[in-house]
Amino acid sequence: MKALISVDMEGISGIVHSSETNPERYDYQRGRELMTAEANAVIAGVLDAEPTADVLVADAHGTFRNLLPEQLDRRARLVRGKPRALNMLAGLDEETDAALFVGYHVRAGEGPGVLAHTMNGEILDVRVTGRAQGEDVRITGHTPGDGAQVTAHAPGEDVQTTAHTPGGDVRTTGRSLGEIGLNAAMAGHLGVPVVLLSGDDAACAEAAALIPEAVTVPVKEALGMAAAVTLHPEEARDRLRRAAADAVSRRTEIPPLALTGPLHVEVDLASPHTIDLATLVPGVSRTAGARTVAFTAPDYGTAYRLILLLAQLATIRPA
């Protein structure tokens, strides 16, 4: 059995402020230690359920150099540094049996959520039109804040589709996708279910709306962008260890979040300079909207990589 644990930082218990997540701020070292300890709890839970599992841990925050290698459980292997293929999911492949998202945060524009954002905050919106398991699915529409609004068939719900196919893999209700949804769909593209997510209560609600069968572990209750009622870190780790074991044991009951192509993608960008750079990418064109670029991708894997590229272009400032 192979598991990938993707570990972000904003959703770790005890963390509420950017001073704890930014390498240039005074409280970052403590944030790193809290992050590494929660990763270890999830590693232990996976191995409680599957003692011979191959466990990879992808450092998925900022520089991707936050987890402390010397403090990480030696039974796991660490994926560290950037740039790299699949970004927050580096190490994931078709042979992976389960993905676990630890320390994740709610999408930008949603909340209250601790340190809510999507990618780097420069992508304002992503709209995708595609198909899910033979069903015509419209994944589109602007929602204030960052993310990708998705509308698809979910059992028992009446949502916007042009054809009904029971049991489709997409579990959405028209909400915007932030890092949780974008990464879960990339895992689904490879046939891998996301079986566990931890973070604040808003992040857990976002995950539950997309993947109802997944196990969620709220380690803090968000009061705002930089405030929360948080569990004691040791209590959070105990809950995470038990939940990880349960989630891995039930992995065959949790469907992947899968979209199939071709996909039409529109991305709203904050900076006119980024729009100019984006149109240098083959296949990406400016649309009628003042801040929107668009492209067509043959599959979600290609769309995901192009969205990541646009996010990276957004970090380049005019000379």
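Residues take their numbers from the sequence shown, with the count starting at 1. Side-chain atoms are counted along with the backbone in the values below, which use heavy atoms only and exclude waters and symmetry mates.
Considering CG of Asp268 and CD of Glu266, their distance stands at 7.5 Å, rounded to 0.5 Å. Rounded to the nearest 0.5 Å, atoms CD (Glu50) and OG (Ser249) are 6.5 Å apart. Of the inter-residue distances, the one linking Tyr104 atom OH with Ile180 atom CD1 reads 8.5 Å to the nearest 0.5 angstrom. In this structure, the separation between OG1 on Thr36 and CD1 on Ile12 is 8.5 Å, given to the nearest 0.5 Å. Distance check: Leu34 CG to Thr21 OG1 gives 12.0 Å after rounding to the nearest 0.5 Å. Here CZ of Phe295 is found 8.5 Å from CG of Leu263. Values are rounded to the nearest 0.5 Å.
The minimum heavy-atom distance between Asp200 and Ala222, with the atom names listed, is OD2-CB, 3.6 Å. Of all the heavy atoms in Ile5 and Val55, the pair that sits closest is CD1-CG1, 3.7 Å. Scanning all heavy atoms of the two residues, the minimum distance from Arg107 to Ala116 falls at O-CB, 3.7 Å. Contact detail for Ala44 and Arg75: the closest heavy-atom pair is CA-NH2, 3.9 Å. The nearest pair of heavy atoms linking Ser198 to Leu240 is CB-CD2, 3.5 Å. Shown here for Gly91 and Lys2, the closest heavy-atom pair between the two residues is O-NZ, 3.6 Å.
Tested against Val195 for a side-chain contact (heavy atoms from CB on, under 4.5 Å), the candidates Arg251, Glu213, Arg250 yield a single pass: Arg251. Test Glu206, His117, His61 against His105 for side chain to side chain donor-acceptor pair (under 3.5 Å) and you get one pass: His117.
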Please list, one pair per line, the donor and acceptor atoms closer than 3.5 Å that link side chains of residues 311-319 to other protein atoms, with sequence neighbours excluded.
| unit_1 | atom_1 | unit_2 | atom_2 | d |
| --- | --- | --- | --- | --- |
| Thr315 | OG1 | Gln312 | O | 2.6 |
| Arg317 | NH1 | Ala314 | O | 2.6 |

Discussion item. Between Thr260 and His189, does the side chain to side chain contact (heavy atoms under 4.5 Å, CB included) criterion hold? Intermediate values first, please.
Written reply: CA-CA 8 Å; Thr260 58; His189 175 68; over 6 Å; no
Worksheet item: Can Asn40 and Asp73 be said to form a side-chain hydrogen bond (donor to acceptor under 3.5 Å, both in side chains), step by step?
Response: CA-CA 6 Å; Asn40 282 338; Asp73 191 319; over 6 Å; no
Discussion item. Show, in sequence, the C-alpha distance, side-chain angles and deciding distance for Leu310 and Thr274, and conclude whether the side chain to side chain contact (heavy atoms under 4.5 Å, CB included) test is met.
Written reply: CA-CA 8 Å; Leu310 293 177; Thr274 306; 6.0 Å; no
Fill in: Worked check of side chain to side chain contact (heavy atoms under 4.5 Å, CB included) between Leu190 and Thr96
CA-CA 9 Å; Leu190 297 176; Thr96 306; over 6 Å; no
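Taking 4.5 Å as the limit, some side-chain heavy atom of Ile123 sits within range of a side-chain heavy atom of Val267. With contacts defined as side-chain heavy-atom distances shorter than 4.5 Å, the pair Phe64/Asn87 qualifies. With contacts defined as side-chain heavy-atom distances shorter than 4.5 Å, the pair Cys204/Val217 does not qualify. Put simply, the side chain of Val57 does not reach to within 4.5 Å of the side chain of Asp59, judged on heavy atoms. Looking at Leu115 and Met9, their side chains never come closer than 4.5 Å, going by heavy atoms from C-beta outward. Side-chain contact between Val42 and Phe101 is absent, with no heavy atoms from C-beta onward closer than 4.5 Å. Between Val7 and Asn66 the shortest side-chain heavy-atom distance does not fall below 4.5 Å.
Annotation for Glu234: atom CD does not count as buried by contact number, only 12 or fewer foreign heavy atoms lying within 6.0 Å. No more than 12 heavy atoms of other residues, nucleotides or ligands lie within 6.0 Å of CD in Glu95, so this atom counts as exposed by the packing criterion. Within a 6.0 Å sphere centred on CZ of Arg286, heavy atoms belonging to other residues, nucleotides or ligands number more than 12.
Looking only at distances, no side-chain donor or acceptor of Arg239 sits under 3.5 Å from a matching main-chain atom of Ala236. Counting only distance, with no hydrogens or angles, the side chain of Ser6 and the backbone of Met88 share a donor-acceptor pair below 3.5 Å. Not one N or O on the side chain of Thr118 forms a donor-acceptor pair closer than 3.5 Å with the backbone of Gly178. Panel note: side chain Asn183, backbone Glu179; a donor-acceptor pair is recorded below 3.5 Å.
Looking at His17 and Ser19, their side chains do bring a donor and an acceptor atom within 3.5 Å of each other. No hydrogens or angles considered: a donor-acceptor pair under 3.5 Å links the side chains of Thr302 and Asp299.
Between Asp54 and Arg77 there is a salt bridge, with a side-chain nitrogen of the basic residue lying less than 4.0 Å from a carboxylate oxygen of the acidic one. A salt bridge does not link Arg242 to Asp246: none of the charged nitrogens lies less than 4.0 Å from a carboxylate oxygen.
Pairs of residues two or more places apart, or lying in two chains, that qualify as salt bridge (Lys or Arg N to Asp or Glu O under 4.0 Å) and include a residue from residues 27-41 are Glu20-Arg30, Asp27-Arg30.
In this pair, Tyr304 and Tyr300 present their aromatic rings tilted. The plane angle is within the 30 to 60° band.
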